[in-house]
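Take a look at the structure below.
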Amino acid sequence: MKRMQRGMTMLGFLITMCVVIFFAYVGMKIVPMYIEFYSVKQALKGLAEDPSLAGASKDKIRQLYQRRLEMSYADHVKKMDSLKFDSGEGGLKLVVDYERREPLMANLDVVGKFHAEQVMPRGASIE
């Protein structure tokens with residue numbers, strides 16, 4: 001009776017583990033960037049849903065936006081002045097455009113470009 005062996009060789013196992021570890025490492029760099037972006041979107045959504053901000057000034061809205069980012073630990077976006085205001089048909093549009101760069105290894109970086117916008121209801125003004 002001839003027995004056939006089954007399973008991976010040690011070399012195959014090591015190559016598989018290297019690939020899994022590489023993708024886990026890249027994921028550990030990318031996932032926090034998207035969590036921070038989700039925090040930015042939630043901050044904008046919270047500002048738009050706040051009825052007391054319908055006639056608030058630009059400085060007041062910016063201050064509350066910064067507070068919301070502080071609560072969600074979005075430190076990278078908080079350091080930048082990325083909140084812009086546009087007037088549109090539906091009301092005041094809040095736009096956040098920013099880029100985040102994280103070092104990956106040696107001279108390679110992971111770069112994420114993010115864009116979020118939210119329309120505040122009519123009555124909001126730019127002062």
Side-chain angles (χ1 to χ4, degrees):
M1 287 188 151
K2 190 175 182 182
R3 291 177 100 186
M4 295 193 62
Q5 294 183 353
R6 295 185 208 183
M8 289 180 109
T9 63
M10 182 58 105
L11 182 62
F13 177 72
L14 289 176
I15 291 172
T16 303
M17 286 307 297
C18 287
V19 170
V20 168
I21 289 171
F22 174 75
F23 282 112
Y25 179 72
V26 170
M28 288 189 312
K29 295 289 185 172
I30 292 176
V31 169
M33 293 182 350
Y34 279 95
I35 291 173
E36 187 174 61
F37 176 63
Y38 182 73
S39 297
V40 169
K41 288 180 76 170
Q42 289 300 325
L44 292 177
K45 184 178 177 184
L47 288 174
E49 292 174 353
D50 191 353
S52 66
L53 293 178
S57 69
K58 177 179 165 182
D59 292 331
K60 177 75 172 172
I61 293 171
R62 188 177 305 277
Q63 180 184 24
L64 290 175
Y65 170 71
Q66 291 291 329
R67 280 190 192 165
R68 288 177 184 267
L69 290 181
E70 284 176 16
M71 286 189 295
S72 60
Y73 300 106
D75 294 329
H76 186 268
V77 180
K78 189 175 65 174
K79 293 176 190 171
M80 308 167 79
D81 188 22
S82 58
L83 181 63
K84 307 229 179 339
F85 299 91
D86 290 332
S87 294
E89 291 179 17
L92 181 64
K93 184 163 55 167
L94 307 174
V95 180
V96 177
D97 281 317
Y98 69 98
E99 181 178 292
R100 182 159 174 195
R101 181 179 299 265
E102 286 291 325
L104 186 60
M105 63 179 65
N107 61 348
L108 298 176
D109 290 346
V110 175
V111 179
K113 291 187 177 187
F114 299 100
H115 173 81
E117 57 185 54
Q118 181 71 45
V119 176
M120 291 188 71
R122 283 204 175 270
S125 63
I126 299 178
E127 293 180 2

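Note: hydrogens, waters and symmetry copies are ignored here, and every other heavy atom, side chains too, is used. Sequential numbering from 1 along the given sequence is applied to the chain's residues.
Note on Val26: it clusters hydrophobically with Val19, by side-chain heavy-atom contacts below 4.5 Å among ILVMFWY residues. Linking Ile, Leu, Val, Met, Phe, Trp and Tyr residues whenever their side-chain heavy atoms come within less than 4.5 Å leaves Val119 and Leu44 in two separate clusters. The hydrophobic cluster containing Phe23 also contains Leu108, counting ILVMFWY residues as joined when their side-chain heavy atoms lie under 4.5 angstrom apart, directly or transitively. By the rule that hydrophobic residues join a cluster once side-chain heavy atoms approach within less than 4.5 Å of another member, Ile35 and Met28 end up as members of separate clusters.
In this structure, CE on Met71 lies 11.5 Å from CD on Gln66, to the nearest 0.5 angstrom. Considering CE of Met10 and CE of Met17, their distance stands at 11.5 Å, rounded to 0.5 Å. Summarising the geometry, atom CD belonging to Glu36 is positioned 8.0 Å from atom CG belonging to Leu69; distances are rounded to the nearest 0.5 Å. The line from CG of Asp50 to CD1 of Ile61 is 9.5 Å long, rounded to the nearest 0.5 Å. Expressed to the nearest 0.5 Å, how far NZ of Lys60 lies from CG of Leu53 amounts to 7.5 Å. The distance from atom OG1 of Thr16 to atom CG of Leu11, rounded to the nearest 0.5 Å, is 9.0 Å.
For Phe114, the ring-ring contact (aromatic ring centres under 6.0 Å, His included) partners two or more places apart in sequence, or in a different chain, are Tyr34, Phe37, Tyr98.
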Note to self: For a side-chain contact (heavy atoms from CB on, under 4.5 Å) check, start with the C-alpha distance between Tyr65 and Val77, then their side-chain angles and the critical distance, and finish with the verdict.
What the structure shows: CA-CA 11 Å; Tyr65 170 71; Val77 180; 3.6 Å; yes
Next item on the list: Apply side-chain contact (heavy atoms from CB on, under 4.5 Å) to Asp97 and Lys84, showing your working.
Entry: CA-CA 8 Å; Asp97 281 317; Lys84 307 229 179 339; over 6 Å; no
Item checked: side-chain contact (heavy atoms from CB on, under 4.5 Å) between Met33 and Val110, intermediate numbers included -> CA-CA 10 Å; Met33 293 182 350; Val110 175; 3.9 Å; yes
Notebook entry, point to check: So Val40 and Arg68, side-chain contact (heavy atoms from CB on, under 4.5 Å) or not? Walk me through it.
Noted result: CA-CA 8 Å; Val40 169; Arg68 288 177 184 267; over 6 Å; no
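In plain terms, the two heavy atoms of Pro32 and Gly27 that are nearest each other are CD-O, 4.2 Å. Annotation for Arg62 and Leu83: closest pair NH1-O, 3.1 Å, computed over non-hydrogen atoms. Scanning all heavy atoms of the two residues, the minimum distance from His76 to Glu99 falls at CE1-O, 3.3 Å. Of all the heavy atoms in Val95 and Glu117, the pair that sits closest is CG2-CB, 4.1 Å.
Residue-environment remark: NZ (Lys29) exceeds the threshold of 12 foreign heavy atoms within 6.0 Å.
Distance alone, capped at 3.5 Å, places no donor-acceptor pair between the Gln118 side chain and the Leu47 backbone. Although no hydrogens or angles enter the test, the distance criterion places no donor-acceptor pair under 3.5 Å between the side chain of Arg101 and the main chain of Asp109.
Proximity of Met105 to Phe22: side-chain heavy atoms (C-beta onward) are separated by under 4.5 Å at one or more points.
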